[in-house]
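Remarks on the structure that follows.
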Number of protein chains: 2
Amino acid sequence: MPKAKKRSDCPVSCSLDIWGDKWSLLIVRDLLFAKECTYGDFLKSAEGISTNILAARLLALEENRIIEKLPHPDSKAKVLYRLTRKGIDLLPLMIEINLWAEKYFSIPEDRKAMLKEVKKDKTGFIKALTKKLES
Amino acid sequence: MPKAKKRSDCPVSCSLDIWGDKWSLLIVRDLLFAKECTYGDFLKSAEGISTNILAARLLALEENRIIEKLPHPDSKAKVLYRLTRKGIDLLPLMIEINLWAEKYFSIPEDRKAMLKEVKKDKTGFIKALTKKLES
DNA sequence: TATTTTTACTTGCATTTTACAAGTGTAAAG
DNA sequence: CTTTACACTTGTAAAATGCAAGTAAAAATA
C-alpha cells in the first residue's frame, strides 16, 4: 500500500499523492467507461494488473473517496465498485489525457470516435456522461 | 530509470507509461509556471525530490520529447530545461488537475487566483500561456 | 594563479514498492 | 457433496525510491 503522506500544499502534488501512479487512473478509466466493475473486471483489462496491486489500489482509492464498494445485486460473492462524485469529477482530466495522447500516439479507432464526440461539444459530453455515472 | 514498455494501446495507459509517477508532472508543473528551470531550480521545489530521481526523470522526459535541454546563456556550468510543444500541450491536463484539486482540497491562495482567471476564459488562458511558453 | 564555491549530476546502499506465483475463504453452481 | 467462481492474501524476488556522500567541470573569489 502506498502511504498518502502529503508532500506539499500544491494541488498537483496533492492529487498525485492520491492517484499519481501507473495503475490508479486505469481503474478510474475502467469505471468511467463501464460505470460499475467487479474485481474480476479490472483484472480483465489489457494492461494486466496483478491481484495484490489491484487490491492495494482499490483500497487506497476507496480510502480517498474516489471509489466506493457496493453489494452486487445478483450475488454475495461479487462486489461492485463504482466512482463517487469525487471520482466522476476526474472525467475532464481523463478527457484531456485522451486528447493529449491522440495528438502524440496512435490510438484505437473506438477511442478516436469517442473523442470526435468530445470535440463536438466537450461540456455536453461531460454533463451527459456524468449524469449517466451518477444514476 | 523506469522502463518505458508499453502496456497496452490505450491512450491513458500510454500516457501513464511516460509521466505516470509521483514526480514527472511536478517537473512539468514547474516548467509551465517558470518557462525555464535549471537542475537546481527543480531541487528547490517544496516537494523535495532527490537528486538521483530528478536526474532519472529529466532524462526520461527528455527521451520522450516532453522537455529539452538548452545551454544557459550566462554560464556553461548551468543547463536550462524547457518544455517542448508536446510538453506545453500538457497544459490543459494540468489545468484540470488544479481544478479538480481545488474542488476537493484546500489550495494556496495564489493558485486560487490563477484558477479564477482560468474559469473566466479557459481557452484564452491556455492560448496565452502556450504562446508565452513557446517564445 | 591558486583556492573555494557553484552546478549538475553519479554512486552506494538501505528501504519501499512492484511483479509474479501460489494459496485461502466464502458463496454459488452442478 | 463436490467443484467452480470470486475476491482477495501471502511469500518472495526484482525493481524503484530515498538518503547521504562523492565527482567533475566551470565560475567566482582571494
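Residue numbering restarts at 1 for every chain, and letters A, B, ... go by the order of the sequence lines.
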**Asked** Are B:E96 and B:K122 close enough, and set up right, to give a salt bridge (charged side-chain N to carboxylate O under 4.0 Å, His left out), and what steps lead you there?
**Response** CA-CA 10 Å; B:E96 294 304 331; B:K122 197 188 281 187; 2.5 Å; yes
**Asked** Does B:N52 offer a backbone N or O that forms a donor-acceptor pair with the side chain of B:S50 under 3.5 Å?
**Response** no
**Prompt:** Are the side chain of B:K35 and the backbone N or O of B:S135 linked by a donor-acceptor pair below 3.5 Å?
**Reply:** yes
**Message:** Can you list, in residue-number order, the parts of residues 23-42 of chain B that come under 4.0 Å of DNA chain D, counting heavy atoms only?
**Reply:** B:W23
**Asked** Out of D:dA7, D:dC8, C:dT7, which has the shortest distance to the side chain of B:K78?
**Response** C:dT7
**Item:** Residue from A:L58, A:L80, A:V79 passing side-chain contact (heavy atoms from CB on, under 4.5 Å) with A:Y39
**Value:** A:L58
**Message:** Using whole Å, what does the distance between atom C1' of nucleotide C:dA19 and atom CD of A:E47 come to?
**Reply:** 15 Å
**Message:** To the nearest 0.5 Å, what is the distance between OG on A:S24 and CD1 on A:I66?
**Reply:** 9.0 Å
**Prompt:** Quick one: does B:S50 reach the base of D:dT17 with a side-chain donor-acceptor pair under 3.5 Å?
**Reply:** no
**Request:** Provide, to the nearest angstrom, the distance between the CG atom belonging to B:L58 and the C1' atom belonging to C:dT7.
**Result:** 14 Å
**Request:** Kindly say whether B:L16 contributes a backbone atom to a donor-acceptor pair with the side chain of A:K22 at under 3.5 angstrom?
**Result:** yes
**Asked** Does the side chain of A:K22 get closer than 4.0 angstrom to OP1 or OP2 of C:dA19 through an N or O atom?
**Response** no
**Item:** Nucleotide C:dT10, atom P - distance to CG of B:L43 in whole Å
**Value:** 13 Å
**Prompt:** Please give, in whole Å, the distance from C:dA8 P to B:E62 CD?
**Reply:** 14 Å
**Asked** Between A:E68 and A:T84, is any side-chain donor less than 3.5 angstrom from a side-chain acceptor?
**Response** no
**Prompt:** If only side-chain N and O atoms of B:K69 are considered, is one of them under 4.0 Å from the OP1 or OP2 phosphate oxygen of C:dC9?
**Reply:** yes
**Fill in**
Of the candidates C:dA19, D:dC6, C:dA8, the side chain of B:V79 sits closest to C:dA8
**Request:** Tell me which nucleotide among D:dA20, C:dC20, C:dA21 gets nearest to the side chain of A:N52.
**Result:** C:dC20
**Complete:** Between CZ of A:R57 and C1' of C:dT18 the distance, given in whole Å, is 9 Å
**Request:** Figure out the CG/P separation between A:L54 and D:dC6, and round it to whole Å.
**Result:** 15 Å
**Item:** Whole angstrom value for the distance that separates P of C:dC9 from CG of B:L59
**Value:** 9 Å
**Item:** N-O pairing of A:K86 and A:D89 below 4.0 Å
**Value:** no
**Prompt:** Which whole-number value in Å describes the distance from B:K44 NZ to C:dT7 P?
**Reply:** 7 Å
**Item:** Any A:Y81 side-chain nitrogen or oxygen under 4.0 Å from OP1 or OP2 of D:dC8
**Value:** yes
**Asked** Is any side-chain heavy atom of A:L54 closer than 4.5 Å to a side-chain heavy atom of A:I27?
**Response** yes
Within the sub-3.5 Å range, which N or O atoms of nucleotides 25-30 of chain C have a protein N or O partner, and how far apart are they?
unit_1	atom_1	unit_2	atom_2	d
C:dA28	OP1	A:K76	N	2.7

**Request:** Could you tell me whether the side chain of B:R85 and the main chain of B:E134 form a donor-acceptor pair under 3.5 Å?
**Result:** no
